[in-house]
S.K.: 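Sharing a structure here in structure tokens format.
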Amino acid sequence: MGHADIWVDDAAHLLHISGHIFPCDREIVTALPWKNHALLLSADTDCLSLWDAEGIVRTARVGVYPQNMAVQGDTAYVCGGADGMLHLLSLPDLRKAAVYPLPGIVERVCTHAAEPWVLTLLPEPEMCTALLRIDLCTAESIEITRFSGIPGALATDDVGLWIGVTDLALHLPWATLVPDVIVDGIGLPERFNVQPEGVIITDGLEGQQIFVRT
């Protein structure tokens, strides 16, 4: 089954899905296709909503100012933001399947080998970002490393993990989790567009895109 064609006009609060237009919540922090549906996460209403070409199907309250989500199979992984939780919801019913308490403010998530990897913001003693791996079997969160500054972006490619924090983007291969690519001097990497020949990094502070060949 193919994915729905979706995009969100956040300024006008409109969802475009498969040629249809619907009013939607404010502050859509993530919009993802799932099969022939669209998933929208709103930081304004603390809601995850499921849509099809006829309109909204169902919603679920999740988090406190939720920040980001990822989808793998029939599961949505939602960063609960200030509630300090990673929420797993089943699709399409949006039933809460599991909740994992994590240190700090839960801001970014991606998945690899059926495990979520998460960036959280730790405000004390000094503001920094923690990279965590969640073991779904034991419900244990394993801290991999920390970075100074705030979380920006998180993404995977075939061989590793791309991480963006204040002034820095780097790549960690799964085999070693030791950086093999480091790009500094970036204001705040807010998105990675992973392509076969490299990655395009969108700098949210400087308003520019940087291509890094891999």
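In what follows, residues are counted from 1 in the order of the sequence shown. Side chains included, hydrogens not; waters and symmetry mates left out as well; all remaining heavy atoms used.
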S.K.: Can you find a heavy atom in the side chain of L40 that is under 4.5 Å from one in the side chain of W51?
M.R.: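 Yes. Closest side-chain heavy atoms under 4.5 Å.
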S.K.: Say you draw a straight line from CD of Q195 to CZ of R213; how long is it, rounded to the nearest 0.5 Å?
M.R.: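 Those atoms lie 10.0 Å apart.
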S.K.: Taking the side chain as every heavy atom from C-beta outward, state whether V106 and M85 have any pair of such atoms under 4.5 Å apart.
M.R.: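 Not in contact.
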S.K.: Identify the heavy atoms of L119 and A153 that sit nearest to each other, and give their distance.
M.R.: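 Scanning both residues completely, I find the closest heavy atoms to be CD1-O, 3.6 Å.
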S.K.: Can you tell me how far apart OG1 (T120) and CD1 (I105) are? Round to the nearest 0.5 Å.
M.R.: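 Rounded to the nearest 0.5 Å, the OG1-CD1 separation comes out at 9.0 Å.
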S.K.: Is there a donor-acceptor pair under 3.5 Å between the side chain of S141 and the backbone N or O of L132?
M.R.: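 Answer holds: no.
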S.K.: Taking C-beta and beyond as the side chain, do T111 and T156 meet within less than 4.5 Å on heavy atoms?
M.R.: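 Heavy-atom side-chain distance check fails, nothing below 4.5 Å.
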S.K.: Which heavy atom of E107 sits nearest a heavy atom of N68, and at what distance?
M.R.: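 So the two residues come closest at O-CB, 3.1 Å.
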S.K.: If you take all heavy atoms of V165 and S148, which pair is closest and at what distance?
M.R.: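 Heavy-atom minimum between the residues: CG2-O, 4.1 Å.
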S.K.: For the hydrophobic clusters of this structure (ILVMFWY residues joined by side-chain heavy atoms under 4.5 Å, transitively), does one cluster hold both V78 and L136?
M.R.: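 Different hydrophobic clusters.
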S.K.: Report the residue from I201, I200, T202 that forms a side-chain contact (heavy atoms from CB on, under 4.5 Å) with N193.
M.R.: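 That would be I200; it is the only one of I201, I200, T202 passing the side-chain contact (heavy atoms from CB on, under 4.5 Å) with N193.
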S.K.: With the side chain counted from C-beta on, respond yes when L39 and L94 share a heavy-atom pair under 4.5 Å apart, and no when they do not.
M.R.: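 A side-chain contact exists here, since the closest heavy-atom pair is under 4.5 Å.
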S.K.: Count I, L, V, M, F, W, Y as connected when their side-chain heavy atoms are under 4.5 Å apart, and connections chain through other members. Are V183 and F211 then in the same cluster?
M.R.: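 As far as the 4.5 Å side-chain criterion goes, F211 and V183 are not connected within one cluster.
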S.K.: Would you confirm whether R58, through its side chain, and P92, through its main-chain N or O, come within 3.5 Å as a donor-acceptor pair?
M.R.: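 Yes: the side chain of R58 pairs with the backbone of P92.
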S.K.: Got a donor-acceptor contact below 3.5 angstrom from the T166 side chain to the I150 backbone?
M.R.: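 Indeed, once roles are kept as given, a pair shorter than 3.5 Å links the two residues.
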S.K.: Please enumerate all residues that pass side chain to side chain donor-acceptor pair (under 3.5 Å) together with D135, with sequence neighbours excluded.
M.R.: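 Side chain to side chain donor-acceptor pair (under 3.5 Å) check on D135 returns nothing, list empty.
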S.K.: With the side chain counted from C-beta on, respond yes when L172 and L131 share a heavy-atom pair under 4.5 Å apart, and no when they do not.
M.R.: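 Answer yes - side chains close enough.
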S.K.: Please confirm whether the backbone N or O of C47 pairs with a side-chain atom of S42, one donor and one acceptor, at under 3.5 Å?
M.R.: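 Checked: no pair found.
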S.K.: Checking D203 side chain against G187 main chain: does a donor-acceptor pair fall under 3.5 Å?
M.R.: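 A pair under 3.5 Å: yes.
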S.K.: Does a side-chain heavy-atom distance below 4.5 Å link D44 with D25?
M.R.: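 SC-SC contact between D44 and D25 ruled out.
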S.K.: Using 30° and 60° as the class boundaries, would you call the ring planes of H37 and W34 parallel, tilted or perpendicular?
M.R.: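 Aromatic pair H37/W34 classed tilted.
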S.K.: Any link between V29 and I6 through a network of hydrophobic side chains (Ile, Leu, Val, Met, Phe, Trp, Tyr) touching at under 4.5 Å?
M.R.: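 V29 does not cluster with I6.
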S.K.: Of W117, Y77, W174, which is the lone residue that meets ring pair (Phe, Tyr, Trp, His ring centres under 6.0 Å) with H112?
M.R.: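 By the ring pair (Phe, Tyr, Trp, His ring centres under 6.0 Å) criterion, H112 pairs with just one of W117, Y77, W174: W174.
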S.K.: For I56 and S49, work out which heavy atoms get closest and say how close.
M.R.: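 Minimum heavy-atom separation between I56 and S49: CD1-CB, 3.9 Å.
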S.K.: Do the non-hydrogen side-chain atoms of I163 and L154 ever get within less than 4.5 Å of each other?
M.R.: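 When only atoms from C-beta onward are counted, L154 and I163 do touch, with a gap below 4.5 Å.
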S.K.: Verify the neighbour count for atom CD of E197: are there more than 12 heavy atoms of other residues, nucleotides or ligands below 6.0 Å?
M.R.: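 Yes, because the 6.0 Å sphere around CD of E197 holds more than 12 heavy atoms from other groups.
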S.K.: Taking all heavy atoms of A70 and all of C110, pick out the closest pair and write down the distance.
M.R.: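 That would be CB-CA, 4.1 Å.
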S.K.: Enter the distance from M69:CE to L48:CG here, rounded to the nearest 0.5 Å.
M.R.: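 Going from CE on M69 over to CG on L48, the span is 5.5 Å.
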S.K.: Report yes or no: does W7 contribute a side-chain atom to a donor-acceptor pair with the main-chain N or O of I17 at less than 3.5 Å?
M.R.: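 Such a contact is absent between W7 side chain and I17 backbone.
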S.K.: Distance-only, no hydrogens or angles: does the D46 side chain make a donor-acceptor pair with backbone N or O of R61 under 3.5 Å?
M.R.: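 Side chain of D46 to backbone of R61, a donor-acceptor pair under 3.5 Å: no, none is there.
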S.K.: Kindly give the heavy-atom pair with the smallest separation between G63 and D83, and that separation in Å.
M.R.: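 Looking at all heavy atoms of both residues, the shortest contact is CA-OD2, 3.3 Å.
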S.K.: Do L41 and V64 belong together in a cluster built from hydrophobic side chains that touch within less than 4.5 Å?
M.R.: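 No; V64 is not reachable from L41 via cluster members.
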S.K.: CD/Q208 to CG/L205 distance, rounded to the nearest 0.5 angstrom?
M.R.: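 Rounded to the nearest 0.5 Å, the CD-CG separation comes to 10.0 Å.
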S.K.: Look at D52 together with K35 and state whether they make a salt bridge at an N to O cut-off of under 4.0 Å.
M.R.: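 So D52 does not pair with K35 through a salt bridge.
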S.K.: Under the rule for side chain to side chain donor-acceptor pair (under 3.5 Å), what residues qualify as partners of D167, not counting sequence neighbours?
M.R.: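 D167: no side chain to side chain donor-acceptor pair (under 3.5 Å) contacts found.
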S.K.: If you round to the nearest 0.5 Å, how far is CG of L15 from CZ of F22?
M.R.: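 Spacing of CZ (F22) from CG (L15) equals 7.5 Å.
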S.K.: Give the cluster check for L177 versus I142: same hydrophobic cluster or not, with ILVMFWY residues linked at side-chain heavy-atom distances below 4.5 Å.
M.R.: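 Same cluster.
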S.K.: Atom CG of L188 and atom CG of L168: how far apart are they, to the nearest 0.5 Å?
M.R.: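 Between atom CG of L188 and atom CG of L168 there are 10.5 Å.
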S.K.: Check for a donor-acceptor pair, side chain of Q67 on one end and backbone N or O of Y65 on the other, with a separation under 3.5 Å.
M.R.: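 Checked: pair present.
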S.K.: Residues in ring pair (Phe, Tyr, Trp, His ring centres under 6.0 Å) with W162, at least two apart?
M.R.: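 Scan of W162 (ring pair (Phe, Tyr, Trp, His ring centres under 6.0 Å), adjacent residues dropped) gives H171, F192.
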S.K.: Any non-hydrogen side-chain atom of D157 less than 4.5 Å from a side-chain atom of V159?
M.R.: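 In contact.
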